[in-house]
Amino acid sequence: MIKLTRITPLALALAAPSALADNPIITDMFTADPAALVDGDTVWLYTGHDEAPNNDVFFEMHDWLAFSSQDMVNWKAHGPIMRADDFEWAVSHAWASHMVKKDGKYWFYTTVRHDETKPGFAVGVAVSDSPTGPFKDAKGEALITNDMTTQTPNDWDDIDPAVWIEDNGDTYLFFGNLVPKYVKLKDNMIELDGEIQVIDVPHFTEALWVHRKNDVYYLTYACYFPEKICWARSDSVEGPWQYGGILNEIAGNTETNHQSVIEFQGKDYFIYHTGGLPPQGDQPSGGRFRRSVAIDRLYYEDNGDLKRVIMTTEGIE
Ligand code: FUB
């Protein structure tokens with residue numbers, strides 16, 4: 001389960017251990033929808049878990065996985081932290097999630113499919129004292145349900161939660177498919193504090209993520225379909241957002257892309273998924289429903305604009 005450092009031909013030639021991560025970073029299972037959390041000297045990486053038998057069906061995702069690293073190259077697997085049906089009101093579909101830490105607790109916001117009492121996709125929230133769990137449903141019911149938003153007839157338009165915590169503790173939940181939305185959360189992290197707001201950015205598909213660098217707020221999101229990643233910037237987490245363009249092109253061999261962005265030990269990283277994992281023994285090749293997390297560097301222009309990501313096979317050093 002531990003991703004060991006690989007020895008590349010170049011590294012062998014240099015008679016030194018490899019310091020390349022290689023993409024995708026995890027090869028013995030399929031991982032999707034990365035959500036990274038920097039916590040002291042550790043990066044926690046939470047992913048969905050693609051288990052579709054082939055690439056002709058649909059997503060088959062039952063649980064979420066955790067990995068950790070102190071150098072972004074060597075990753076330790078911690079196994080599943082939670083299953084979709086750990087939410088008693090949910091029926092599988094362990095889609096995209098986001099972990100945040102607040103007041104010493106780990107809060108896990110995630111997409112699931114609600115049971116027949118509130119049809120459609122929903123957002124649940126679970127909590128733990130540890131980044132590896134055990135996590136338990138923090139609310140006992142969904143935080144966001146499909147009937148709370150009416151901008152589209154789709155029942156999957158309330159997916160892909162991403163949480164941003166301001167320095168003063170104010171907390172915002174971003175989410176949505178086709179229509180990007182956010183809502184403030186109360187201090188208890190399990191109740192909405194006000195109305196759901198619609199965000200005005202172009203080409204939106206899904207997978208919102210907020211980060212901040214040098215007092216600029218950045219909103220990245222999957223755009224178009226097949227998905228690229230687009231970005232926008234603002235002086236405030238509440239917007240308005242100024243569109244910046246495309247950040248990442250279509251990720252190989254899958255229509256989805258799903259990014260997270262972090263700064264760790266002074267370097268900026270773009271974490272996403274591709275369908276590009278080759279067959280590994282009995283494990284078939286990757287694809288649209290068998291995705292794998294990859295990591296590349298993220299760079300900024302002097303004026304704060306984001307430079308387009310260069311996806312690599314070699315990964316980061
Ligand atoms: O993994 C299932 C869905 O595919 C996610 O919720 C979306 O972001 C897309 O990656």
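When a ligand or atom number is given, it counts from 1 through the structure's own listing order. Small disclaimer: the values here were computed from a predicted structure and weren't measured.
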With under 30° as parallel and over 60° as perpendicular, where do the rings of [X] and [Y] fit, or are they tilted in between?
X    : Y    : result
F108 : F135 : tilted
W209 : H98  : tilted
Y218 : H211 : parallel

Among non-hydrogen protein atoms, atom 6 (O) of ligand 1 lies closest to D160 OD1, 2.6 Å
Looking only at protein heavy atoms, what sits closest to atom 9 (C) of ligand 1 is E206 OE2, 3.3 Å
task: Say whether D33, considering both its backbone and side-chain N or O atoms, lies within less than 3.5 Å of an N or O atom on ligand 1.
output: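 Yes, since at least one N or O of D33 sits under 3.5 Å from an N or O of ligand 1.
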Indicate yes or no: does an N/O atom of T111 lie under 3.5 Å from an N/O atom of ligand 1?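 No, T111 has no N/O under 3.5 Å of an N/O on ligand 1.
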Discussion item. Between W89 and H114, is the ring centroid distance below 6.0 Å?
Written reply: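 Here the rings of H114 and W89 have centres that are less than 6.0 Å from each other.
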Atoms of ligand 1 less than 4.0 Å from [X] heavy atoms?
X    : value
R291 : 1 (O), 2 (C), 4 (O), 9 (C), 10 (O)
H273 : 10 (O)
M61  : 1 (O), 2 (C)

Is it true that atom CG of D282 has more than 12 heavy atoms of other residues, nucleotides or ligands lying nearer than 6.0 Å?
-> no
Honestly, for A96 the part within reach of ligand 1 (heavy atoms, under 4.0 Å) is both
If every non-hydrogen atom of F121 is compared with every non-hydrogen atom of R113, which pair is closest and at what distance?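 For F121 versus R113, the nearest heavy atoms are CE1-NH1, 2.9 Å.
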